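Each remark here refers to the structure printed beneath this line.
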Protein chains: 2
Amino acid sequence: MNPAPRAYQIVLQAIEEDLRKEKLSVGDQLPGERALAERHGISRASVRDAIRILDVMGIIRTSTGSGPNSGAVIISNPSAGISQALRLHLAAKGINVREIVESRILLETWAAQMNPRDPVYAQQVIDRTAVLIMRMDDPQLSREAFHRIDAEFHVLLASMAGNSVVESMMESLRNSISDYVSDSVPSDEAWQPVVRVLRRQHKAIHHAFATNQRERAAQLLEEHINWFYSQTR
Amino acid sequence: MNPAPRAYQIVLQAIEEDLRKEKLSVGDQLPGERALAERHGISRASVRDAIRILDVMGIIRTSTGSGPNSGAVIISNPSAGISQALRLHLAAKGINVREIVESRILLETWAAQMNPRDPVYAQQVIDRTAVLIMRMDDPQLSREAFHRIDAEFHVLLASMAGNSVVESMMESLRNSISDYVSDSVPSDEAWQPVVRVLRRQHKAIHHAFATNQRERAAQLLEEHINWFYSQTR
DNA sequence: TCGCATAGTATGGTCTGACCACACCCTGAA
DNA sequence: TTCAGGGTGTGGTCAGACCATACTATGCGA
């Protein structure tokens with residue numbers, strides 16, 4: 001049955017157990033790699049395997065040096081691991097862009113129609129997205145910067161629903177295709193008319209949210225996403 | 001900007017590039033770790049970091065020995081990485097069960113209402129789920145086995161929509177809470193009445209699918225999931 | 001007493017080289 | 001022709017070393 005359990009899984013399971021029991025929580029430091037190795041009776045190399053996994057999964061952040069901010073510190077960045085997974089499987093042709101776009105529409109329209117769990121936070125989101133829209137109006141903005149703010153805009157709106165799983169998946173879907181998006185529009189000349197339409201759509205979406213027309217916001221989001229991806233093929 | 005790019009990222013990016021260009025695809029073998037180390041001018045330890053990441057992300061499968069089925073072979077298991085990420089973040093309290101259940105309902109009801117991309121496959125799914133329902137009727141079945149078949153049942157139904165992202169997320173959500181599910185119902189005595197209701201619900205859901213009542217299937221699925229999790233608190 | 005440069009210490013990151021168990025393969029004997 | 005045996009290359013694991021870094025403690029000088 002279990003002929004060869006990997007050595008790093010010993011550490012991984014122990015840490016997962018500690019997380020579950022809240023012996024470890026966000027902000028805490030993990031014991032040093034050498035200490036973990038000795039505690040579990042395995043080599044530091046195997047401990048590093050576990051640490052590396054926690055790192056790419058967005059559970060911890062590692063840094064060199066000593067002191068309270070060094071070493072492996074628990075963070076919570078659920079989108080990191082999911083983004084990486086989606087990105088790699090997109091490269092490996094295990095999934096395709098159509099499916100990602102379809103999923104984005106599903107998640108974003110759901111989040112838009114969802115009753116916000118926290119009305120105060122929802123109002124903050126509406127205010128903050130208004131700022132993002134203004135920043136995207138800057139004609140000096142590079143395309144990379146525009147895409148970055150654009151992503152933030154969408155993730156922020158999705159966060160209103162108060163579901164971090166949906167929010168992380170949203171962010172991951174957006175991240176996983178960011179290269180694709182950047183490569184999609186070949187020239188800056190072709191980009192100019194596109195960005196004008198995007199700005200207009202963003203403002204309409206924001207207006208629908210601000211006036212609490214959630215159905216309409218969802219519909220506009222779907223059109224917005226579909227339109228943009230029709231431009232990139 | 002880039003003071004310390006990790007050594008393993010060199011290999012990771014190279015492999016991702018090869019996947020994108022289809023120089024590598026499912027079934028291919030990766031070069032040996034020693035060969036990759038020499039090619040990129042880094043140590044085997046760093047190469048192993050990259051290999052390990054691809055492994056946990058479900059991009060490759062590794063095994064010892066020699067020959068065409070040994071070493072690191074490209075597979076495509078998108079749910080592996082996402083499952084692991086969700087599972088760890090669930091342990092780290094970065095996400096909670098409510099959010100996972102909410103997401104499951106979102107994905108499953110969407111998939112249920114979606115027009116199948118492939119009618120032939122949809123019919124196969126309906127036939128195969130019928131078999132699973134029969135197997136779940138076995139009173140000798142252990143709870144672990146029941147949950148396993150139950151998960152297969154739900155993932156299979158979701159796969160009808162023909163969106164592997166949604167399917168992977170479904171499977172990952174299901175996997176990430178499997179421990180939670182197993183621990184939820186304390187005794188086998190309490191489990192018996194629960195499993196009877198689950199069987200009945202599964203049959204109703206299957207009937208709705210088989211008779212193409214997709215709206216109703218979605219509604220039954222939502223009730224089914226909500227009911228089960230109301231039992232586990 | 002205070003301020004600050006310096007040595008000390010612990011961290012993760014990387015490398016080297018070694019040994020193991022395993023699975024295929026190839027050769028040669030029956 | 002068959003098949004038992006060793007050969008070879010694979011990932012898995014280990015041990016030990018060195019590095020750059022970042023905090024900490026020391027102690028000197030003002």
Side-chain angles (χ1 to χ4, degrees), chain A residues 1-15 18 24 26-75 77 80 84, chain B residues 1-15 18 24 26-75 77 80 84:
Chain A
M1 281 301 136
N2 266 329
R6 301 267 175 272
Y8 71 85
Q9 291 185 341
I10 298 172
V11 184
L12 209 50
Q13 284 170 13
I15 292 175
D18 285 350
L24 287 174
V26 173
D28 292 351
Q29 268 178 305
L30 250 55
E33 296 181 352
R34 293 160 180 90
L36 286 173
E38 193 175 2
R39 177 187 304 177
H40 294 100
I42 59 178
S43 72
R44 194 182 153 209
S46 295
V47 171
R48 283 185 58 76
D49 277 351
I51 298 291
R52 165 89 38 254
I53 291 170
L54 293 171
D55 186 11
V56 298
M57 289 299 181
I59 300 286
I60 61 172
R61 148 185 79 72
T62 62
S63 47
T64 61
S66 68
N69 282 329
S70 75
V73 179
I74 314 270
I75 59 175
N77 182 11
Q84 186 79 357
Chain B
M1 280 299 138
N2 267 328
R6 302 265 175 274
Y8 72 84
Q9 291 185 342
I10 298 172
V11 184
L12 208 51
Q13 283 170 13
I15 293 175
D18 285 349
L24 288 173
V26 174
D28 292 351
Q29 269 178 303
L30 249 55
E33 297 180 353
R34 294 161 179 86
L36 286 173
E38 192 176 4
R39 177 186 304 178
H40 295 100
I42 59 179
S43 73
R44 192 183 155 210
S46 296
V47 170
R48 283 184 59 75
D49 277 350
I51 298 290
R52 167 93 329 107
I53 291 170
L54 293 171
D55 186 11
V56 298
M57 289 299 180
I59 299 286
I60 61 172
R61 151 184 76 73
T62 62
S63 47
T64 60
S66 69
N69 282 330
S70 75
V73 179
I74 312 271
I75 59 176
N77 183 10
Q84 185 80 357

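Keep in mind it's a predicted model, so treat the numbers as computed, not measured. Per chain, numbering begins at 1; letters A, B, ... match sequence-line order.
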Under the side chain to side chain donor-acceptor pair (under 3.5 Å) definition, can you give me all pairs with a residue in residues 58-67 of chain B, not counting sequence neighbours?
none
What is the distance from [atom1] of [X] to [atom2] of [N], rounded to the nearest Å?
X       : N      : atom1 : atom2 : value
A:Arg61 : C:dG12 : CZ    : P     : 12 Å
B:His40 : C:dT14 : NE2   : P     : 15 Å
A:Asp55 : C:dG13 : CG    : C1'   : 12 Å
A:Ile51 : C:dT14 : CD1   : P     : 14 Å

In chain order, what residues pass the side chain to side chain donor-acceptor pair (under 3.5 Å) check against B:Asp18, with sequence neighbours excluded?
none
Stepwise side chain to side chain contact (heavy atoms under 4.5 Å, CB included) check, A:Ile10 with A:Ile42
CA-CA 9 Å; A:Ile10 298 172; A:Ile42 59 178; 4.2 Å; yes
Looking at B:Ile51, B:Val11, B:Ile59, B:Val47, which one forms a side chain to side chain contact (heavy atoms under 4.5 Å, CB included) with B:Leu30?
B:Ile51
Of all pairs that satisfy salt bridge (Lys or Arg N to Asp or Glu O under 4.0 Å), the ones with a partner from residues 37-47 of chain A, not counting sequence neighbours
A:Glu33-A:Arg44
For a quick check, with a 4.0 angstrom heavy-atom cut-off, what is the B/S/- contact string for nucleotides 16-26 of chain C, read 5' to 3'?
B-B---BBBS-
Boundaries of the DNA chain D segment in contact with chain A, non-hydrogen, under 4.0 Å:
D:dG12 to D:dT24
Considering only heavy atoms from C-beta outward, does the side chain of A:Ile15 approach that of A:Leu54 to under 4.5 Å?
yes
Listed by chain and number, what are the side chain to side chain contact (heavy atoms under 4.5 Å, CB included) partners of A:Asp28, not counting sequence neighbours?
A:Leu24, A:Ser25, A:Ile74
Could you tell me whether the side chain of A:Gln13 and the main chain of A:Tyr8 form a donor-acceptor pair under 3.5 Å?
no
